[in-house]
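Worksheet: the structure to be examined is printed underneath.
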Amino acid sequence: NRRLFAGVLLQRRHEKQWTWTAGYNLEFNRPEEINISDPYEFDRISTGKNYFISSLEMGVIRNTSDSELNPTRGSVTGFSFEIAPEILGSEVRFIKPSLDLRKYHTLPKGMVLAGRIRLRTIQKIEGTEGIPIFKRLFVGGSNSVRGYGYQELGNSDPNGNPVGGLSSFEANLEVRFPVYGKLSGVVFLDMGLLDEHSFAYDMGDIRYT
């Protein structure tokens, strides 16, 4: 997949806790040598064709944590919303909301309890037959659900290639503890799911690591 992306993002901070963002994204995708065996996906993606996406994105973040890089207390709440409508000339039209919640709590002996919940979904809007694979959601990897390889949680085609989904849920709970000097360790429980439908979260499909 060849991808050309350009974006403009404006960010404004209000007091110390609130950050507001607004931006415009321009994207060209040209799928090439797609290694999936799903015939329905091939019907929706023509190899060698350019896909033009034009979208607006808005977001708000409330950050009460004590550190940007290594927080030990406080919380971070973030919400973003992306829309690619026909009026902007987008060929792939969708809405994409996302919610990210993080909480940190100091424990005795230098330990920290940290938790995170992340919800995402993408919904096609009128004029789009379906969400192509290069805009679908994927879960798995070191910044997602650890214990699964990058983008490997969820359904795959018969050849084992991830096909993504339209709704995702990720949750992480961990205890960080000092080992020696600047060396530290972590014990974690991660969980996540990937659903084939928009705004759908079947908790019976959660996978744990």
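Worth saying up front: this structure is predicted, and the values here are computed from it rather than measured. The basis for the numbers below is simple: all heavy atoms, side chains too, and nothing from hydrogens, waters or symmetry mates. For this chain, numbers begin at 1 and follow the sequence in order.
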Linking I/L/V/M/F/W/Y whenever their side-chain heavy atoms sit closer than 4.5 Å, directly or via other members, would Trp18 and Met58 fall into one cluster?
yes

Polar contact flag, side-chain donor to acceptor under 3.5 angstrom, Arg120-Ser168
yes

Salt bridge flag under 4.0 Å for residues Arg102 and Asp100
yes

Phe169 and Ile206, any side-chain heavy atoms less than 4.5 Å apart
yes

Salt bridge (Lys or Arg N to Asp or Glu O under 4.0 Å) against Asp66, all qualifying residues, sequence neighbours excluded
Arg73

Before you tell me yes or no, could you show the steps for Gln17 and Thr64 under side chain to side chain donor-acceptor pair (under 3.5 Å), namely the whole-Å CA-CA distance, both residues' side-chain angles and the distance that decides it to 0.1 Å?
CA-CA 6 Å; Gln17 298 181 351; Thr64 65; 5.8 Å; no

Between Ile83 and Leu10, is there a shared hydrophobic cluster once you connect ILVMFWY residues whose side-chain heavy atoms come closer than 4.5 Å?
no

Shortest non-hydrogen contact from Leu194 toward Leu153:
CD2-O, 3.6 Å

I'd like to know if the side chain of Glu170 pairs up with that of Asn172 as donor and acceptor (distance under 3.5 Å, no hydrogens or angles considered).
no

Minimum heavy-atom separation for Leu101 and Leu99, please, with both atom names.
CD2-CD1, 4.0 Å

What distance do Leu193 atom CG and Tyr208 atom OH have between them, rounded to the nearest 0.5 Å?
9.5 Å

About how many Å separate CZ of Arg62 and NE2 of His14, when rounded to the nearest 0.5 Å?
11.5 Å

Report the C-alpha distance between Phe134 and Tyr51 in whole Å, list the side-chain angles of each, state the deciding distance to 0.1 Å, and finish with yes or no for ring-ring contact (aromatic ring centres under 6.0 Å, His included).
CA-CA 10 Å; Phe134 54 79; Tyr51 289 84; 5.4 Å; yes

CG/Leu119 to CZ/Phe79 distance, rounded to the nearest 0.5 angstrom?
11.0 Å

Can you tell me if Arg93 uses its side chain to pair, donor with acceptor, with the backbone of Ser90 under 3.5 Å?
yes

Tyr150, OH atom: more than 12 neighbouring heavy atoms under 6.0 Å:
no

Within a 6.0 Å radius of atom CG on Leu183, are there more than 12 heavy atoms belonging to other residues, nucleotides or ligands?
yes

Phe52/Val92 under side-chain contact (heavy atoms from CB on, under 4.5 Å): CA gap, chis, key distance, verdict
CA-CA 7 Å; Phe52 173 70; Val92 181; over 6 Å; no

Go through the steps for Glu196 and Arg136 under the test side-chain contact (heavy atoms from CB on, under 4.5 Å), then give the verdict.
CA-CA 10 Å; Glu196 284 295 312; Arg136 288 189 172 200; 3.6 Å; yes

Check whether Phe28 forms a cation-pi arrangement with Arg3 (NZ or CZ under 6.0 Å from the six-membered ring centre, at most 45° off the ring normal).
no

Please check if any side-chain donor atom of Tyr24 sits under 3.5 Å from a side-chain acceptor atom of Ser54, or the reverse.
yes

Test item: Val175 and Val186 side chains (from C-beta on) under 4.5 Å apart, heavy atoms
no

Residue pair Glu82 / Ser55, side-chain donor-acceptor N/O under 3.5 Å:
yes

Qualifying residues under side chain to side chain donor-acceptor pair (under 3.5 Å), relative to Ser80, sequence neighbours excluded
none

Could you check whether Lys135 pairs with Glu27 (Lys NZ or Arg NE/NH1/NH2 to Asp/Glu carboxylate O, under 4.0 Å)?
yes

